[in-house]
Asks: 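Below: one structure in structure tokens.
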Amino acid sequence: MRIRLFILIFLLSSWANAQLSVVTWNIQNLGKSKSTEEIEFIAQTLKSYDVLAIQEVVAGNGGAQAVARLADALNRKGATWDYCISDPTQTTGGTTERYAFLWKSSRVKLKGKAWLEKQYALQIEREPYMATFEQQGKQFTLVSFHAVPKSKQPEREIKLLAKVTQEYPGLNLIFLGDFNCPQSNSVFNNFRKLNYRSALVNQKTSLKRSCKNGNCLASEYDNVFYLPKKNKLIYAGVISFYQRFASLKDAKTISDHIPVVVQFTFN
């Protein structure tokens, strides 16, 4: 009986360890303006997850330092975290930004160096930031992306983003970030033709100016696109951090977007 129980516990533990949680979050203006208390709140919100993809890191005014401050705060919460930060994106007329990845070093290993995808840098205002990780011998590559605002037609960038798959046919690409466009838009048919699925469907992720009848979310912008044949989706959801604040105005000192969480096992 004890042997059977031991085997069951071992199998459950192995299955749990095989699951990996990934968060993508557009943290508005992550830079010098974020206070120690705000960085602490972000770390407390994210400490339970394994890999973090952050968009909208300020290119100047302490953006890189803010990511380092966040990593330091996470490191004080019981696990060892590592991180990497992109160079500023090559914008052709918009606002340049940085991206960041943070991860628990006990859960995944970074393979090589992360990189900004330069292939479409002149056509995509904030070219995606990519990194390949390994977990229990399985590799996956996160493609973190922040599309131009709705007023600038993010659809034209999303069309190009799907072509990144042609540049890296041997990689298990997982696209995630702020697309400024709902997954129901026909532009994502380019991904669907490649057998990609969206982790979230009909889930709004940006905050309204004010809550109306308990509804505080505005648009379905943030998401994760993955290949089911390579990645088994165990869970997909959001973190409604704004509910911990007295008002949306207070919550927006953290961000005007909420984090998206996915949990995978890799085939």
Side-chain angles (χ1 to χ4, degrees), residues 10-27 30 42-55 57 64 66-87 98-117 128-146 164-165 168-178 196-197 199-200 222-239 259-267:
F10 174 78
L11 291 174
L12 289 174
S13 176
S14 298
W15 182 76
N17 287 333
Q19 297 181 48
L20 192 79
S21 57
V22 179
V23 171
T24 178
W25 195 1
N26 176 342
I27 302 180
L30 181 59
I42 294 169
Q44 188 68 29
T45 301
L46 300 177
K47 67 177 183 179
S48 300
Y49 305 100
D50 299 320
V51 183
L52 315 175
I54 307 299
Q55 301 88 38
V57 178
V67 175
R69 289 161 58 205
L70 175 57
D72 183 60
L74 287 165
N75 276 323
R76 296 196 300 270
K77 301 192 182 306
T80 301
W81 289 76
D82 205 347
Y83 67 94
C84 59
I85 308 167
S86 76
D87 292 332
R98 297 179 189 265
Y99 297 91
F101 291 117
L102 301 94
W103 62 94
K104 288 178 178 173
S105 56
S106 63
R107 298 288 288 131
V108 296
K109 305 298 180 186
L110 178 67
K111 304 296 291 183
K113 294 183 178 180
W115 71 97
L116 283 170
E117 177 51 50
Y129 189 44
M130 303 175 63
T132 298
F133 296 93
E134 183 173 286
Q135 190 242 8
Q136 295 189 350
K138 305 292 180 61
Q139 293 188 8
F140 61 96
T141 301
L142 298 182
V143 185
S144 184
F145 178 60
H146 186 189
V164 172
T165 59
Y168 304 96
L171 298 183
N172 175 17
L173 300 178
I174 299 174
F175 295 83
L176 72 177
D178 176 7
Y196 278 84
R197 291 183 187 173
L200 299 180
D222 305 84
N223 217 320
V224 178
F225 291 84
Y226 68 100
L227 284 171
K229 68 178 181 180
K230 294 185 177 181
N231 314 281
K232 182 178 181 181
L233 184 65
I234 305 299
Y235 169 82
V238 296
I239 304 172
V260 172
V261 180
V262 291
Q263 192 171 34
F264 288 116
T265 58
F266 303 105
N267 298 330

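If you read the sequence from its start, that first residue is 1, and numbering goes on from there.
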Asks: So do the side chains of Ser105 and Trp81 get within less than 4.5 Å of each other, counting heavy atoms only?
Replies: no

Asks: Considering all heavy atoms of both residues, which atom of Tyr99 and which atom of Pro128 are nearest to each other, and what is their separation?
Replies: OH-CA, 4.1 Å

Asks: Which heavy atom of Phe140 sits nearest a heavy atom of Gln135, and at what distance?
Replies: CE2-CB, 4.4 Å

Asks: To the nearest 0.5 Å, what is the distance between OG1 (Thr141) and CG (Leu173)?
Replies: 5.5 Å

Asks: Tell me the closest heavy-atom pair linking Lys77 and Ala43, and the distance in Å.
Replies: CE-CB, 3.7 Å

Asks: Quick check for you: to the nearest 0.5 Å, what is the distance between Arg107 atom CZ and Asp82 atom CG?
Replies: 15.5 Å

Asks: Can you list the residues that meet the side-chain hydrogen bond (donor to acceptor under 3.5 Å, both in side chains) rule with Ser21, with sequence neighbours excluded?
Replies: Asp50

Asks: Find the distance between CG (Asn223) and CG (Leu200) and round it off to the nearest 0.5 Å.
Replies: 4.5 Å

Asks: Roughly how far, to the nearest 0.5 Å, is CZ of Arg197 from OH of Tyr226?
Replies: 5.5 Å

Asks: My understanding is that only residues two or more places apart in sequence, or in another chain, count here; which of them pass salt bridge (charged side-chain N to carboxylate O under 4.0 Å, His left out) with Lys109?
Replies: none

Asks: Can you find a pair of side-chain heavy atoms, one from Phe264 and one from Lys232, that are under 4.5 Å apart?
Replies: no

Asks: With sequence neighbours left out, write down each residue that passes side-chain hydrogen bond (donor to acceptor under 3.5 Å, both in side chains) with Tyr168, or none if nothing qualifies.
Replies: Trp115, Glu117

Asks: Which one of Leu20, Ile239, Leu102, Val22 satisfies the side chain to side chain contact (heavy atoms under 4.5 Å, CB included) criterion with Tyr49?
Replies: Ile239

Asks: Mind checking what makes side-chain hydrogen bond (donor to acceptor under 3.5 Å, both in side chains) contact with Thr24, not counting sequence neighbours?
Replies: Gln55

Asks: May I ask you to decide if the ring planes of Trp103 and Phe133 are parallel, tilted or perpendicular, using 30° and 60° as cut-offs?
Replies: perpendicular

Asks: Quick check: closest heavy atoms across Val57 and Ala64, and the distance to 0.1 Å?
Replies: CG1-N, 4.3 Å

Asks: Evaluate the side-chain proximity of Val224 to Val260: yes if any heavy-atom separation is below 4.5 Å, no if none is.
Replies: yes

Asks: For Asp72, which residues count as a side-chain hydrogen bond (donor to acceptor under 3.5 Å, both in side chains) partner, sequence neighbours excluded?
Replies: Arg76

Asks: Enter the distance from Lys113:NZ to Thr132:OG1 here, rounded to the nearest 0.5 Å.
Replies: 14.5 Å

Asks: Using a 4.5 Å cut-off on heavy atoms from C-beta on, say whether the side chain of Cys84 contacts that of Tyr129.
Replies: yes

Asks: Do you know the tightest heavy-atom contact between Ala53 and Leu176?
Replies: CB-CD1, 3.9 Å

Asks: For Lys111, which residues count as a salt bridge (charged side-chain N to carboxylate O under 4.0 Å, His left out) partner, sequence neighbours excluded?
Replies: Glu134

Asks: Nearest 0.5 Å please: distance from the CZ atom of Phe225 over to the CZ atom of Phe145.
Replies: 11.0 Å

Asks: Can you check side chain to side chain contact (heavy atoms under 4.5 Å, CB included) on Val261 and Tyr235, steps first, answer last?
Replies: CA-CA 8 Å; Val261 180; Tyr235 169 82; 4.3 Å; yes

Asks: Fit a plane to each ring of Tyr196 and Phe175, take the angle between them on a 0 to 90° scale, and name the class: parallel (under 30°), tilted (30 to 60°) or perpendicular (over 60°).
Replies: perpendicular

Asks: Are side-chain heavy atoms of Met130 and Leu142 found at a separation under 4.5 Å?
Replies: no

Asks: A side-chain contact here means heavy atoms from C-beta on lying under 4.5 Å apart; do Gln263 and Leu233 qualify?
Replies: no

Asks: Using only heavy-atom distances, determine whether the side chains of Asn172 and Asn231 contain a donor-acceptor pair under 3.5 Å.
Replies: yes

Asks: Which residue is it: Val67, Ile85, Ile54? I am looking for the one with a side chain to side chain contact (heavy atoms under 4.5 Å, CB included) to Arg98.
Replies: Ile85

Asks: Between Val23 and Val51, is there a side-chain heavy-atom distance shorter than 4.5 Å?
Replies: no

